[in-house]
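This is the structure I have questions about; it appears just below.
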2 protein chains.
Amino acid sequence: MQQKVRVPGMIGEDLLFLTDDQLRRGIEAMFFAYRAFTADPDLILAELDYGRAHHRALHFINRDPGLTVTSLLAVLGVTKQSLNRVLRTLIEDGLVESRIGRRDRRERQLYLTEEGTRLERRLSEAQRARMRAAYRNAGPQAVAGFRQVLEAMMDPETRAQYQAMTDPPEDRKEPANEQPRYTYSDRR
Amino acid sequence: MQQKVRVPGMIGEDLLFLTDDQLRRGIEAMFFAYRAFTADPDLILAELDYGRAHHRALHFINRDPGLTVTSLLAVLGVTKQSLNRVLRTLIEDGLVESRIGRRDRRERQLYLTEEGTRLERRLSEAQRARMRAAYRNAGPQAVAGFRQVLEAMMDPETRAQYQAMTDPPEDRKEPANEQPRYTYSDRR
DNA sequence: TTGGAAAGTCAACAAGGCTGTCCTATCAAG
DNA sequence: CTTGATAGGACAGCCTTGTTGACTTTCCAA
């Protein structure tokens, strides 16, 4: 079990980064970082009696307005019943609007209301602030590596979905406003 | 709100990686990757009627045998009651042993039993396998960046704790077996 | 016209967070 | 030796968010 091999001169490249110990460090880093990653939005959500599930719904509806319940279900990877509970409160509270599908009237297309947009922005700005600080601190090269490892960690289907999400500017139904749009937001 | 600035020639360094859009990509990468990260152990745990909380306890007890309940509490960042529920089942099931503290008899020092060690190994090997594949795929430079960003994302206290955990070989109570120990485990 | 997909609903259950309260054992200081 | 503080454990009860299973309504498409 746990066959450990003492390596004398190293093979070709430096393989020390594949050590069980290095892997454990990475695992723990994921655990601690993810906790921090969700901490800021969680504070805001707690005030409003919402949970992480609400944040996730708001995030993906904001990113892709008009997406159907089924698509959202697929992205989030939860059951219809679980999502429905969350979605219902968001709709009741006037943060999300559910319109009957234009192509297929069985489908429901989801949109954020004004108020929903406001909350989403508040939540995601809190989350971005931490991310931005971490990015800035680590630098562009580190960020590239960060993304590369995370992508390599995903299940293949998820990764495909993730990469398709906005990798190509991709026209879904709206012709999509073109223009490269090199935007850079800052504050503080 | 959301002040966007069209950047013509870029400032000094390339700041495109701090774009709100790039930050959003990073946020989504965290979400999807974390889901994958927990997926493999979750499958094993489900078989045995355990949950993620049990895995976390086993992990940290394994990493630091003899740690006290209070230390474990601090690392996990949950309440005593929440941990206790999990710990109790692990002790009842004979995976964890709780010995009276040697220095302070009020404390309980936690150890994995044979069986606990076996399960921990099974869980962590599943998790490491995915991590190893991702690491190998991304390469050592990317891994360095990955860790750098995750560390920058942590709360300062957590980061200090994380870095202290095994950064210096550090003798806690055992004199700690020295020797650099360049080990490299593989299979497949 | 009919089969099946999309959506929604109800009920029930479980994991794992949380708070609050209370108790015991033990240490350390006065 | 007493007394206050600390470590741990237990019980009750609450919440969110995940799950299954069963059932209905709506509506598209063959």
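Convention: sequence-line order gives letters A, B, ...; per-chain numbering from 1.
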Q | Close side-chain approach of A:L95 to A:T117, heavy-atom, < 4.5 Å | A |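 Contact flag for A:L95/A:T117 side chains = no.
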Q) Under 4.0 Å: is that the gap between some side-chain N or O of A:T79 and OP1 or OP2 of D:dG18? A)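 For D:dG18, OP1/OP2 do not have a side-chain N/O of A:T79 under 4.0 Å.
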Q: Report the nucleotide, chosen from D:dC28, C:dG17, D:dT19, that has the shortest atom-to-atom distance to any side-chain atom of B:R56.
A: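 Of the options given, the side chain of B:R56 lies nearest C:dG17.
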Q | Whole-Å distance separating the CG atom of A:L48 from the C1' atom of D:dC15 | A |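 Whole-Å distance recorded here is 16 Å.
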**Q.** Selection from C:dG16, D:dG18, C:dG8 that lies nearest to any side-chain heavy atom of B:A53
**A.**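 The answer is C:dG16.
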Q: Have a look at B:R85 and say if it touches a base, only the backbone sugar-phosphate, or nothing, with a 4.0 Å heavy-atom cut-off.
A: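 Result for B:R85 = base.
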Q: Could you work out which one of C:dC10, C:dC27, C:dG8 sits closest to the side chain of A:R88?
A: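 It is C:dC10.
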**Q.** A:V78 side chain, from C-beta outward: closest of C:dA6, D:dG18, D:dA7
**A.**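 Per side-chain heavy atoms of A:V78, the pick is D:dG18.
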Q: Specify the separation, in whole Å, of atom CG of B:D49 and atom C1' of C:dA15.
A: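 After rounding, the reported distance stands at 11 Å.
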Q: Tell whether B:R106 reaches the base of D:dT6 with its side chain through a donor-acceptor pair below 3.5 angstrom.
A: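 Indeed, a donor on one side and an acceptor on the other fall under 3.5 Å apart.
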Q | Residue-phosphate contact under 4.0 Å: A:R105 side-chain N/O, D:dA29 OP1/OP2 | A |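 Result: no.
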Q) More 5' along DNA chain D: A:R52 or B:L73, using each one's nearest nucleotide? A)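 That would be B:L73.
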Q) Quick one: A:R35 CZ to C:dG16 P, roughly how many Å, whole number? A)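 In whole Å, C:dG16 P and A:R35 CZ are 16 Å from each other.
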Q | Whole angstrom value for the distance that separates P of C:dC23 from NZ of B:K80 | A |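 Interatomic distance, NZ of B:K80 to P of C:dC23: 13 Å.
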(Q) Side chains of A:F31 and B:Y34, heavy atoms from C-beta outward: is any pair under 4.5 Å? (A)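 Result yes, sub-4.5 Å side-chain heavy-atom pair found.
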Q: Please state how far atom CG in B:L83 lies from atom P in C:dC18, giving the value in whole angstrom units.
A: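 From B:L83 CG to C:dC18 P: 10 Å.
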(Q) How many whole angstroms separate atom CG of B:L110 from atom C1' of D:dA7? (A)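 One finds 12 Å between C1' of D:dA7 and CG of B:L110, rounded.
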Q | D:dT16 phosphate, OP1 or OP2, under 4.0 Å from A:H54 side-chain N/O | A |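 False: A:H54 side-chain N/O out of range (4.0 Å or more) of D:dT16 OP1/OP2.
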**Q.** Salt bridge flag under 4.0 Å for residues B:E107 and B:R103
**A.**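 Yes.
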Q. Do NZ/NE/NH1/NH2 and the carboxylate oxygens of A:R108 and A:E97 come within less than 4.0 Å?
A.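 Judged by the 4.0 Å cut-off on N to carboxylate O distance, A:R108 and A:E97 do not form a salt bridge.
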Q: Using atom CD of A:Q109 as one end and atom C1' of C:dA6 as the other, report the distance to the nearest whole Å.
A: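 After rounding, the gap between these two atoms is 13 Å.
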Q | base_contact_polar (C:dG17 base, B:Q81 side chain, donor-acceptor, <3.5 Å) | A |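 Result: no qualifying N/O pair found.
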Q | Distance, rounded to the nearest Å, where A:L87 contributes CG and D:dT16 contributes P | A |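 It is 16 Å, rounded to the nearest whole Å.
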Q.
Which nucleotide wins on minimum distance to the side chain of A:N84, given the candidates C:dT9, C:dA6, C:dG17?
A.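 The answer is C:dT9, which lies nearest to the side chain.
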Q) Can A:H59 and A:S124 be counted as having a side-chain donor-acceptor contact under 3.5 angstrom? A)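 No, no side-chain donor-acceptor pair sits under 3.5 Å.
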